[in-house]
2 protein chains.
Amino acid sequence: MTARSAADIRRGNLFEVLRRVSVGGPLSRQDIVTASSLSMATVASIVSELIQLGLLTESETVRRATGRPLTRLTVNPAFGLFIGVDVAETYIHASLFDSAFDARAEEHMAVVDPVGDPAGVVQQIGELVRRLSDRANGDQVRGVGICVPGLVDDADGVSVFAPNWAWRQVPVRRMLAEQFSHPVHLDNPLRALVVSELWREPGLGGKNLAVVNLGTGVGAGLAFGGDLYRGTSNSAGEWGHTTVVLDGWACRCGSSGCIEAYVGAPGLLRHLQEADPGHRALRLGQTEAITELARSFSAGDPAAVAAVQAGGRYLGAGLGSLVNVVNPDAVVLVGWVSDLLGDALLAAARHDAESHALVRPLAAVDFSVRSGVGNPVARGAATFALEAALTHDHTEGTR
Amino acid sequence: MTARSAADIRRGNLFEVLRRVSVGGPLSRQDIVTASSLSMATVASIVSELIQLGLLTESETVRRATGRPLTRLTVNPAFGLFIGVDVAETYIHASLFDSAFDARAEEHMAVVDPVGDPAGVVQQIGELVRRLSDRANGDQVRGVGICVPGLVDDADGVSVFAPNWAWRQVPVRRMLAEQFSHPVHLDNPLRALVVSELWREPGLGGKNLAVVNLGTGVGAGLAFGGDLYRGTSNSAGEWGHTTVVLDGWACRCGSSGCIEAYVGAPGLLRHLQEADPGHRALRLGQTEAITELARSFSAGDPAAVAAVQAGGRYLGAGLGSLVNVVNPDAVVLVGWVSDLLGDALLAAARHDAESHALVRPLAAVDFSVRSGVGNPVARGAATFALEAALTHDHTEGTR
DNA sequence: TGATTAATTCCAATGGTAATAATAACCCGT
DNA sequence: ACGGGTTATTATTACCATTGGAATTAATCA
């Protein structure tokens with residue numbers, strides 16, 4: 001019942017076609033038909049609309065030994081630019097993409113106020129967006145996507161609740177309107193990770209997916225049938241607070257025994273401390289400590305190996321449980337801790353994941369670590385902005 | 001992307017209308033429009049098709065003070081009968097429903113062969129179906145739905161894998177064809193529980209739902225957006241094997257620390273044994289033991305109260321985790337253990353569920369115990385049969 | 001006749017199927 | 001060597017079923 005009307009289906013199919021071309025390079029209409037489950041008629045109609053909107057262009061015509069020549073389609077990077085902003089607890093990262101989703105520029109900033117006063121943070125967001133806009137070389141910025149932790153309400157443009165800073169009902173969009181005039185889409189990082197992955201791997205269309213984020217906190221974003229799943233209160237996927245040890249380590253959520261307490265960055269460092277209380281990584285700040293942990297692990301440092309093994313056990317049990325409930329096609333690990341330690345953690349987790357998961361769900365799932373995409377939250381945020389802009393143009397066009 | 005074509009939407013809307021009328025008693029087309037999110041045109045078109053198929057009848061015309069009189073619609077119970085069969089580890093339960101889903105008759109049988117030889121079990125199923133058919137009073141039986149634990153493949157009519165009996169690729173439909181000639185739909189009990197609940201509470205259309213089954217084993221069935229979610233390998237919802245204590249009690253799945261090990265019937269009895277090794281319930285068979293546990297609990301027996309409290313803690317942690325990941329509108333407890341102890345267990349679980357779940361998902365969810373529906377698996381199985389018959393008639397009709 | 005509510009009909013948009021058009025290499029006969 | 005027919009492949013068009021919304025018709029009473 002996700003799609004309730006013909007218009008919903010149209011919208012989904014439109015994005016499907018765009019994703020295919022965006023990732024798969026130049027494609028003919030025929031290529032899209034074979035790759036997707038759409039009919040030729042539908043593809044032709046959607047392509048003609050996307051060309052009319054200026055998002056696709058016919059790039060080349062190819063003659064084969066026989067038959068009518070095919071015309072290949074490309075995303076037109078000049079359609080416009082999109083900015084994605086990842087507002088995290090300690091930093092704000094912003095990326096500028098063209099419509100073909102090539103990153104044009106990036107900006108990074110530490111959050112100056114540790115308490116996260118809304119006015120100050122919004123000021124910083126505005127600064128980053130302005131800097132990137134200045135680097136647009138005259139191309140039009142058509143939208144800005146912003147991801148803030150916690151619960152957000154895009155319709156109202158409000159951050160309803162951000163746990164780390166105790167934000168309540170912060171009207172982000174209204175406040176940003178004084179900083180710049182681009183349309184703003186507000187969302188949550190876990191959702192952004194999912195759309196980032198869905199646009200990156202168009203083969204995931206129609207599939208069930210869990211994107212697991214490993215960072216200071218841990219969580220998962222879910223997609224069912226190729227569609228982002230938000231849950232009833234837009235907060236689905238809080239897998240990091242699955243109880244893995246009843247009455248176990250305290251978690252910053254206030255409960256105890258959560259996966260996050262054992263696998264989040266502080267949890268990994270606690271494992272390290274238990275293995276070697278005097279380990280040099282423990283004297284560093286969190287980011288540097290995890291970097292050092294990764295370096296020590298690679299060097300074969302026994303305490304680092306023990307810490308990763310310990311963390312991996314809990315991660316494995318948690319992944320097994322997730323796979324049992326969700327029964328996905330793919331589980332993808334992302335996040336800054338995953339960038340540094342993902343392969344090691346997944347290797348350490350695999351045995352427990354496989355022993356805790358049931359045979360059938362386990363056989364269906366593919367675990368992997370996603371790396372080298374820059375900041376996937378910023379990318380997903382920009383994708384939201386593109387989707388919003390396109391929905392707008394699309395519905396305007398048919399009026 | 002659940003619905004990819006107009007036909008899928010039509011099918012979903014058709015069931016939506018039928019569910020509304022089936023549960024909500026006589027309804028006018030207007031009533032259906034206001035209750036559902038369908039347009040008047042769609043409702044009118046679907047109603048006329050359902051009348052043509054013989055499933056709905058215009059039952060009465062009502063004049064109000066002003067305006068055109070309305071005509072109320074009722075499900076025509078004479079459309080046909082459906083049989084649902086719940087094949088469990090120790091018993092087989094079969095129910096006969098008319099198309100308005102009033103139960104006409106029930107049959108129950110213990111599984112004679114503890115090893116569950118396929119031929120013998122199928123023979124028993126056939127016997128029950130024949131007995132119910134004999135009680136149809138000449139009305140046509142239009143379909144039989146059968147639920148077998150484990151993984152089933154309805155398209156081929158095969159039980160791919162049943163854990164308790166070590167069934168492998170048992171061609172149930174083909175074997176049953178020698179017993180009776182009604183169309184057979186094969187499915188899994190957890191899925192049946194979901195459709196049973198969705199048809200019972202039409203307000204759940206479009207909602208996210210988890211149906212938690214408490215029995216010898218425990219598990220959950222999921223629905224997203226009002227649609228049954230099967231997962232990638234038709235095995236989603238194996239929440240009973242979520243790890244709640246790393247390296248905890250052994251579970252019959254081969255792993256350890258699963259919720260099922262602590263909350264399934266054997267787990268509850270183990271809690272009882274830890275509280276009072278000589279408790280009289282422990283000398284009984286499982287079903288009688290749980291019945292006795294429930295009776296002792298009601299009588300205030302300290303050991304029974306302690307056992308329920310202990311089990312409830314694990315159930316609560318598990319429910320909290322489920323709510324965090326799935327973020328559903330409703331969690332409904334069903335199953336034979338739930339029938340006996342559901343209210344007590346839920347009360348004992350509530351505190352832990354609320355402390356382990358995050359604020360937002362917790363605020364969105366409504367926990368409840370469903371009782372008094374007879375055997376909901378059999379009901380769901382019959383619902384599958386109705387859906388199958390209707391899909392068949394519907395597509396035939398438009399040819 | 002007007003008001004009011006219920007149900008039907010019409011319309012534009014959409015997707016899928018199937019028929020049709022477009023296009024160019026190849027083949028064959030002259 | 002050249003021209004027309006053949007064939008293979010790609011893209012477009014026509015047609016039907018569907019939905020939601022708007023306009024219309026239906027049925028009743030004041």
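These numbers come from the heavy atoms of this one structure, side chains and all, not from hydrogens, waters or symmetry mates.
- Within the structure, a side-chain polar atom (N or O) of B:Asn13 is placed less than 4.0 Å from OP1 or OP2 of D:dT19.
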Could I get a table of every N or O pair under 3.5 Å where one atom is in the protein and the other is in nucleotides 12-14 of chain D?
{"residue": "D:dT12", "atom": "OP2", "partner": "A:Arg29", "partner atom": "NE", "Å": "3.4"}

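- Residue B:Ser37 is the one, among B:Ser37 and B:Thr66, whose nearest nucleotide of DNA chain D lies closer to the 5' end (criterion: closest heavy atom).
- Rounded to an integer number of Å, the gap from B:Ile32 CD1 to C:dA6 P is 13 Å.
- Listed for the B:Tyr229 side chain is no donor-acceptor partner under 3.5 Å among the backbone atoms of B:Gly237.
- Donor-acceptor pairing under 3.5 Å is recorded for the side chains of B:Asn234 and B:Arg191.
- Regarding A:Arg72, its CZ atom lies at a distance of 13 Å from the C1' atom of D:dT10, rounded to whole Å.
- Salt bridge status for B:Asp156 with B:Arg173: absent, with no side-chain N to carboxylate O gap under 4.0 Å.
- Summarising the geometry, the separation between CD1 on A:Ile9 and C1' on C:dG16 is reported as 11 Å, rounded to the nearest angstrom.
- A straight line from CZ of B:Arg10 to P of D:dT19 spans 5 Å, rounded to a whole angstrom.
- Summarising the geometry, the separation between CZ on B:Arg63 and P on C:dA3 is reported as 23 Å, rounded to the nearest angstrom.
- Side-chain proximity of B:Gln30 to D:dA11, C:dG15, C:dA7: nearest is C:dA7.
- What separates CZ of A:Arg11 from P of C:dG15 is a distance of 14 Å, to the nearest Å.
- Summarising the geometry of B:Thr34 relative to B:Asp31, their closest heavy-atom pair is OG1-O, 2.9 Å, with the distance given to 0.1 Å.
- For the pair B:Arg379 and B:Phe101, the cation-pi test (distance below 6.0 Å, angle within 45°) is failed.
- B:Asp8 places its CG atom 11 Å from the P atom of D:dT19, with the value rounded to the nearest Å.
- Checking D:dG20, C:dA7, D:dT10 against every side-chain atom of B:Leu38, the shortest atom distance belongs to D:dG20.
- Between A:Leu73 atom CG and D:dA11 atom P there is a gap of 8 Å when expressed in whole angstrom units.
- How far CG of B:Leu50 is from OG1 of B:Thr57: 11.0 Å, rounded to the nearest 0.5 Å.
- Phosphate contact (OP1/OP2 of C:dT14, side-chain N/O of A:Thr42, threshold under 4.0 Å): absent.
- Counted within 6.0 Å of CD on A:Glu60, heavy atoms from surrounding residues, nucleotides or ligands total more than 12; the atom is thus considered enclosed.
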